[in-house]
Amino acid sequence: MDEGDILLWKDQDAVRVLTLNRPKARNCLSMALMQALQSALAEAAETDDVRAVVLAGSGPAFSSGHDLKELTARRNDPDRGRAFFEETMRTCAETMLTIVRLPKPVIAAVNGIATAAGCQLVATCDLAVAATDARFATPGVNIGLFCSTPMVALSRNLSRKATMEMLLLGEMVEAEEALRLGLVNRVAEPDRVVNEAVAFGRKIASKPSRTLKIGKEAFYRQLEMPLDEAYRYTAGVMVENMLDAEAEEGIGAFLDKREPQWPR
């Protein structure tokens, strides 16, 4: 099925693969593509049979970031494009937050380049698999547009020094270096990258769904808290999780030395 041809999706068992489909434009994030992605993610969240999402790009790139042609065209507006620029950045932030708040894991399958907001998209996903020829960059500094919003996701995944190096130099980072820095989890051959990401998703899909939802939400919430507050919050999460039927079945199965039968 497709979203006006700019976003494709198909299900592979319990994993939904969403593919950015603007290959001639290097899958740059136009307003329409971001809105289509938000819609598709919301649908995946409400589909019980979908337990994980893989985000990929068609053609030779994952995503080259914002659609600069679309943005530049609005400089002729009476406000020099301010309203549209604000709408674009707001929509981008909403798209990234949709991924973070999705109650199911989202895995980036990165082929080719992932630059600027495309790199932000990779950093925002819960996990990432990169092709051996994938490359990453936040090159805005080279064209007078500092990658300030990609900085938000990068600085929450990489060390400060590594993030600042990417932002200040704007140079390409190879896949193996991205793995070392923690931007991606695994590196695979280009013709295997989506399959590897789907395999990742299938493994996660075998885990209890409510437990995954509880854990993902808690992970991102505690990151922004002071240490003592984070411990108080996660202790409460653990208590509520212990009272859930999935924990009751899982712990019981462990003690009984049997395979758990997860409640639906």
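Side chains are part of it too, since the values below use all heavy atoms of this structure and drop only hydrogens, waters and symmetry mates. This one's a predicted model, so the numbers in the text were calculated from it and none came from an experiment.
Heavy atoms from other residues, nucleotides or ligands lying under 6.0 Å from CG of Asp256 number more than 12. Atom CD of Glu165 has 12 or fewer heavy atoms from other residues, nucleotides or ligands within 6.0 Å. Residue Glu86 places its CD atom among more than 12 non-hydrogen atoms of other residues, nucleotides or ligands, all under 6.0 Å distant.
Side chains of Val100 and Thr124 form a contact here, defined as non-hydrogen atoms less than 4.5 Å apart.
Using a distance-only test at 3.5 Å, with no hydrogens or angles considered, no donor-acceptor pair links the side chain of Asn111 to the main chain of Ser58. Under a 3.5 Å cut-off, the side chain of Thr132 and the backbone N or O of Glu189 do not form any donor-acceptor pair. For Thr115 (side chain) and Phe136 (main-chain N/O), no donor-acceptor pair under 3.5 Å exists by modelled atom type. For the pair Thr91 (side chain) and Glu87 (backbone), a donor-acceptor distance under 3.5 Å is present.
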Give the C-alpha distance, both sets of side-chain angles, the deciding distance and a yes or no for side-chain contact (heavy atoms from CB on, under 4.5 Å) between Ile107 and Ile204.
CA-CA 11 Å; Ile107 307 160; Ile204 296 168; 4.2 Å; yes

Met31 vs Thr88, test: side-chain contact (heavy atoms from CB on, under 4.5 Å). Steps then yes/no.
CA-CA 6 Å; Met31 181 69 73; Thr88 297; 3.6 Å; yes

Residues Arg16, Lys104; criterion side-chain contact (heavy atoms from CB on, under 4.5 Å); working and verdict
CA-CA 11 Å; Arg16 177 157 295 175; Lys104 302 169 184 181; over 6 Å; no

For the pair Leu154 and Leu183, evaluate side-chain contact (heavy atoms from CB on, under 4.5 Å) and give the outcome as yes or no after the intermediate values.
CA-CA 8 Å; Leu154 281 174; Leu183 181 56; 3.9 Å; yes

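One distance of note links CG of Leu55 with CH2 of Trp9; it measures 15.0 Å at 0.5 Å rounding. Annotation: the span from Leu227 atom CG to Arg232 atom CZ amounts to 10.0 Å, rounded to 0.5 Å. Here the CE atom belonging to Met34 is positioned 11.5 Å from the CG atom belonging to Leu20, to the nearest 0.5 angstrom. If you take CG on Leu167 and CE on Met164, they are separated by 6.5 Å, rounding to the nearest 0.5 Å. Glu171 contributes atom CD, which lies 10.5 Å from atom CE of Met166 (distance to the nearest 0.5 angstrom). For the atom pair CG of Leu7 and CG of Leu37, the computed distance is 6.0 Å after rounding to the nearest 0.5 Å.
The hydrophobic side chain of Leu169 is isolated, with no ILVMFWY side chain under 4.5 Å apart from it. Using a 4.5 Å cut-off between side-chain heavy atoms of Ile, Leu, Val, Met, Phe, Trp and Tyr, Tyr233 falls into a hydrophobic cluster with Ile214, Met225, Val237. By the 4.5 Å side-chain criterion applied to Ile, Leu, Val, Met, Phe, Trp and Tyr, Met172 is assigned to a cluster that also includes Ile113.
Residues in residues 206-229 take part in these side-chain hydrogen bond (donor to acceptor under 3.5 Å, both in side chains) pairs, two or more places apart or across chains: Asp126-Lys216, Asp126-Tyr220, Arg156-Glu224, Arg210-Asp244, Thr211-Glu246. Under the salt bridge (Lys or Arg N to Asp or Glu O under 4.0 Å) criterion, no residue pair touches residues 129-146, with sequence neighbours excluded.
For Ala253, the side chain to side chain contact (heavy atoms under 4.5 Å, CB included) partners are Glu249, Arg258, Pro260, not counting sequence neighbours. Under the rule for a side-chain hydrogen bond (donor to acceptor under 3.5 Å, both in side chains), the partners of Asp77 that lie at least two apart in sequence or sit in another chain are Arg74. Looking at residues two or more places apart in sequence or on another chain, you find no salt bridge (Lys or Arg N to Asp or Glu O under 4.0 Å) involving Arg160. In this structure Arg80 satisfies the side-chain hydrogen bond (donor to acceptor under 3.5 Å, both in side chains) test with no other residue, sequence neighbours excluded. Annotation: side-chain hydrogen bond (donor to acceptor under 3.5 Å, both in side chains) contacts of Asp13 (sequence neighbours excluded): Arg202. Under the side chain to side chain contact (heavy atoms under 4.5 Å, CB included) criterion, Arg22 pairs with Ile6, Ala25, Asn27, Cys28, Ser30, Leu33, Asp67, sequence neighbours left out. Considering only residues two or more places apart in sequence or on other chains, Thr95 meets the side-chain hydrogen bond (donor to acceptor under 3.5 Å, both in side chains) condition with Gln38.
Annotation for Val193 and Ala131: closest pair CG2-N, 3.6 Å, computed over non-hydrogen atoms. The shortest heavy-atom contact between Ala109 and Ala197 is CB-CB, 3.8 Å. When every heavy atom of Arg51 is checked against every heavy atom of Pro208, the shortest pair comes out as NH2-C, 3.9 Å. Taking each heavy atom of Thr163 and Leu158 in turn, the nearest pair found is OG1-CB, 3.4 Å. Counting all heavy atoms, side chain and backbone alike, Ala44 lies closest to Val53 at CB-CG2, 3.9 Å.
A salt bridge links Arg180 with Glu177: at least one charged nitrogen is closer than 4.0 Å to a carboxylate oxygen.
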